[in-house]
2 protein chains.
Amino acid sequence: MSDQRQLTVQGEKRKTQLLSCAAELFAQHGYAETRVVDIVERAGVAKGLFYWYFENKAALFTELVVEHREQLRRTQHRAIDPTATPLQQIRQGTEASLRFMAERAPFFALLEVETVNRAFANVLRVGTDIHTNDTRQLIEAGIRRGAIRDDDPELLALGVVGAVGYYGHFHRSGRTTMSIDGLAAFVGRFVVCSLAADEQIAREVLSVPTRDPRASAVDKS
Amino acid sequence: MSDQRQLTVQGEKRKTQLLSCAAELFAQHGYAETRVVDIVERAGVAKGLFYWYFENKAALFTELVVEHREQLRRTQHRAIDPTATPLQQIRQGTEASLRFMAERAPFFALLEVETVNRAFANVLRVGTDIHTNDTRQLIEAGIRRGAIRDDDPELLALGVVGAVGYYGHFHRSGRTTMSIDGLAAFVGRFVVCSLAADEQIAREVLSVPTRDPRASAVDKS
DNA sequence: CCCGACATTGACCGCCGGGTCAGGTTTTGG
DNA sequence: CCAAAACCTGACCCGGCGGTCAATGTCGGG
């Protein structure tokens, strides 16, 4: 496929069709597990035609990603009230993003760990499931004693596990250059703030320094 | 490879060696992009030997995952002071996990979106970068007017973006069965609580209902 | 010293899937 | 009406890679 090619109406239609067939299949089976043949078969055309519209499989995928990214951004902007306070705007954007991503769930699922290879989905999930369970129990205890705000314990637990996961990710991917100790301390504060029942409790908890386990790993094995 | 095989000391050593060579290569190039040949070459042995120790490539990967999962869990438990309050324990576990994952960064990077296919790393990242930037600006404004607690704006922004991403993920993967509207509202609360400068402000912000953009998408395009 | 289990080798197989291409049909515009 | 460009076909090519296997080496115990 050459760089600039004049598409007729029918051409545009075909291309869109291939795009959406691919999106469905990607969502269903993942990127790697979807063959070009599958895409063209679903569209009911011959394999060669695929390369009339796309450089290759990767180029098609990229087009899909870019398109969704633009849509998400438009949705966010539409949901934000420009006269509201910053915190309110963040909240609006957050909720709108969640909804948008849920509507396009199959596509966004594509961009994830567990779609990498469905075969590993279970193994990978067990890890966070355990972590979530532990955390949920702690949260329930905290709610009972009034230290943690009274919200869905399961969801709050997912928040903690999630925070660990993505701050770790951001660190690995170089999105933040902060030292790991600084980052760990920050995330500690972050989860405490998001869970604490009131600011008095948050302040109390945060006033106690946390020890680095590596420094005192002499006790119980 | 048969199910139960008696490994000699040397055998154990070889197996461990293959495991760690694989881990390095996986971390460097991703799972799919690492061939069995690469692994055995790095270990300096013949290809056939790989199948003496492992059923196949996937089995090796699974072993790696399980091993790290167990280590992580042990580390968490070691870091937690059983006499502390639940909230304090969560904080301790959170910090310990962050540190542990940072130490094994290359491995944990493996389990991620962007390792799916390095070729797409850039395309995928642009989306969250934009979102993070927008959010950081809002947060800076919020800090200036005292509505958002005075912490690193960049990191706080990553927290918001992260929350959107992983709550969306948990929803897609069926980890929570809550309706999307309920979930969106929850996450809205979650980010407000994690950012608000004090509980008074949080309460104020949360007292205003957020509109569903889909219901009023008539105004500005 | 020799048998059997563990350990190791590397050539070989077979399939799968991305990408090509020579050729045919339809549409467009001059 | 006719060329050129767009559109479409399906057989074919080919490299890569997971996995096999028969042969050989090594070592410990009886």
Side-chain angles (χ1 to χ4, degrees), chain A residues 1-26 28-64 110 115-120, chain B residues 1-26 28-64 110 115-120:
Chain A
M1 179 205 178
S2 70
D3 224 4
Q4 269 336 6
R5 166 167 295 150
Q6 207 50 34
L7 295 185
T8 65
V9 194
Q10 189 192 161
E12 290 290 0
K13 213 176 268 178
R14 222 344 90 72
K15 186 174 177 179
T16 310
Q17 184 199 11
L18 287 170
L19 237 17
S20 83
C21 287
E24 287 170 33
L25 287 168
F26 285 163
Q28 236 170 76
H29 309 111
Y31 175 79
E33 288 68 34
T34 301
R35 350 254 157 245
V36 173
V37 196
D38 300 332
I39 300 171
V40 295
E41 259 175 18
R42 165 167 294 218
V45 298
K47 189 177 176 185
L49 193 57
F50 183 94
Y51 296 92
W52 177 260
Y53 293 104
F54 305 97
E55 189 82 32
N56 50 39
K57 201 177 143 189
L60 178 148
F61 181 77
T62 303
E63 268 196 45
L64 275 180
L110 231 196
T115 316
V116 176
N117 196 331
R118 307 268 157 140
F120 297 130
Chain B
M1 180 206 179
S2 71
D3 225 4
Q4 271 333 10
R5 165 167 296 148
Q6 208 48 36
L7 295 186
T8 64
V9 194
Q10 190 192 159
E12 290 290 0
K13 213 178 268 180
R14 226 336 96 72
K15 188 174 177 179
T16 310
Q17 185 199 11
L18 286 170
L19 237 16
S20 82
C21 286
E24 287 170 33
L25 288 168
F26 284 162
Q28 237 170 72
H29 309 110
Y31 175 80
E33 287 67 34
T34 301
R35 348 254 156 245
V36 173
V37 194
D38 300 332
I39 300 171
V40 295
E41 261 176 17
R42 165 167 295 217
V45 297
K47 189 177 174 186
L49 192 57
F50 183 94
Y51 295 92
W52 177 260
Y53 293 104
F54 305 97
E55 188 82 32
N56 51 39
K57 200 177 140 189
L60 178 149
F61 181 77
T62 304
E63 269 197 43
L64 274 181
L110 230 197
T115 315
V116 176
N117 195 329
R118 308 269 156 143
F120 297 130

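Reminder, nothing fancy here: chain letters follow the sequence lines and each chain counts from 1.
Remark: B/K57 is not positioned above the aromatic ring of B/F26, lacking an NZ or CZ atom under 6.0 angstrom from the ring centre and at most 45 degrees off the axis.
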Hey, can you pull the donor-acceptor pairs under 3.5 Å for the side chains in residues 34-42 of chain B, sequence neighbours left out?
| unit_1 | atom_1 | unit_2 | atom_2 | d |
| --- | --- | --- | --- | --- |
| B/T34 | OG1 | B/L25 | O | 3.3 |
| B/T34 | OG1 | B/G30 | O | 2.7 |
| B/R35 | NH1 | B/A32 | O | 3.3 |
| B/R35 | NH1 | B/E33 | O | 3.3 |
| B/R35 | NH2 | B/E33 | O | 3.1 |
| B/D38 | OD2 | B/R35 | N | 3.0 |
| B/R42 | NH1 | B/E24 | OE1 | 2.2 |

Name the pairs: protein N/O against N/O of nucleotides 24-30 of chain D, kept only if under 3.5 Å.
none

Please tabulate the protein-to-nucleotide N/O contacts below 3.5 Å involving nucleotides 10-13 of chain D, giving atom names and distances.
| unit_1 | atom_1 | unit_2 | atom_2 | d |
| --- | --- | --- | --- | --- |
| D/dG10 | O6 | A/G48 | N | 3.4 |

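For C/dT8, one of the phosphate oxygens OP1 or OP2 lies less than 4.0 angstrom from a side-chain nitrogen or oxygen of B/R14. For B/W52, a side-chain nitrogen or oxygen approaches OP1 or OP2 of C/dA7 to under 4.0 Å. Checking the phosphate oxygens (OP1, OP2) of C/dT28, no side-chain nitrogen or oxygen of A/T8 falls inside 4.0 Å. Side-chain N/O atoms of B/Y53 include one lying less than 4.0 angstrom from OP1 or OP2 on C/dT8.
For B/Q17, the side-chain contact (heavy atoms from CB on, under 4.5 Å) partners two or more places apart in sequence, or in a different chain, are B/R14, B/C21, B/A43. For A/K13, the side-chain contact (heavy atoms from CB on, under 4.5 Å) criterion is met by no residue, not counting sequence neighbours.
As a whole-Å value, the separation of A/E55 CD from C/dG18 P is 15 Å. Per the geometry, CZ belonging to A/F50 stands 17 Å off P belonging to C/dC21, to the nearest Å. For the pair A/I39 CD1 and C/dG17 C1', the interatomic distance rounds to 12 Å; values are reported in whole Å. When rounded to the nearest whole Å, the span between OH of A/Y51 and P of C/dG18 equals 6 Å. If you measure from atom CG of A/N56 to atom P of D/dG15, you get 18 Å, rounded to the nearest angstrom. Here D/dG19 presents its C1' atom at 15 Å from CG of B/L60, a figure rounded to the nearest Å.
In this structure, of D/dG19, C/dG19, D/dG16, it is D/dG16 that holds the atom nearest to the side chain of B/R35.
Place B/E12 and A/V37 on DNA chain C by their nearest nucleotides, and B/E12 ends up nearer the 5' end.
In the helix from C/dC1-D/dG30 to C/dG30-D/dC1, the end axes, each obtained as the rotation axis mapping the C1' atoms of four pairs onto the next four within a five-pair block, lie 10° apart to the nearest 10 degrees.
Inter-residue side-chain proximity for B/L19 and B/Y53 is flagged as unmet; no heavy-atom pair is nearer than 4.5 Å.
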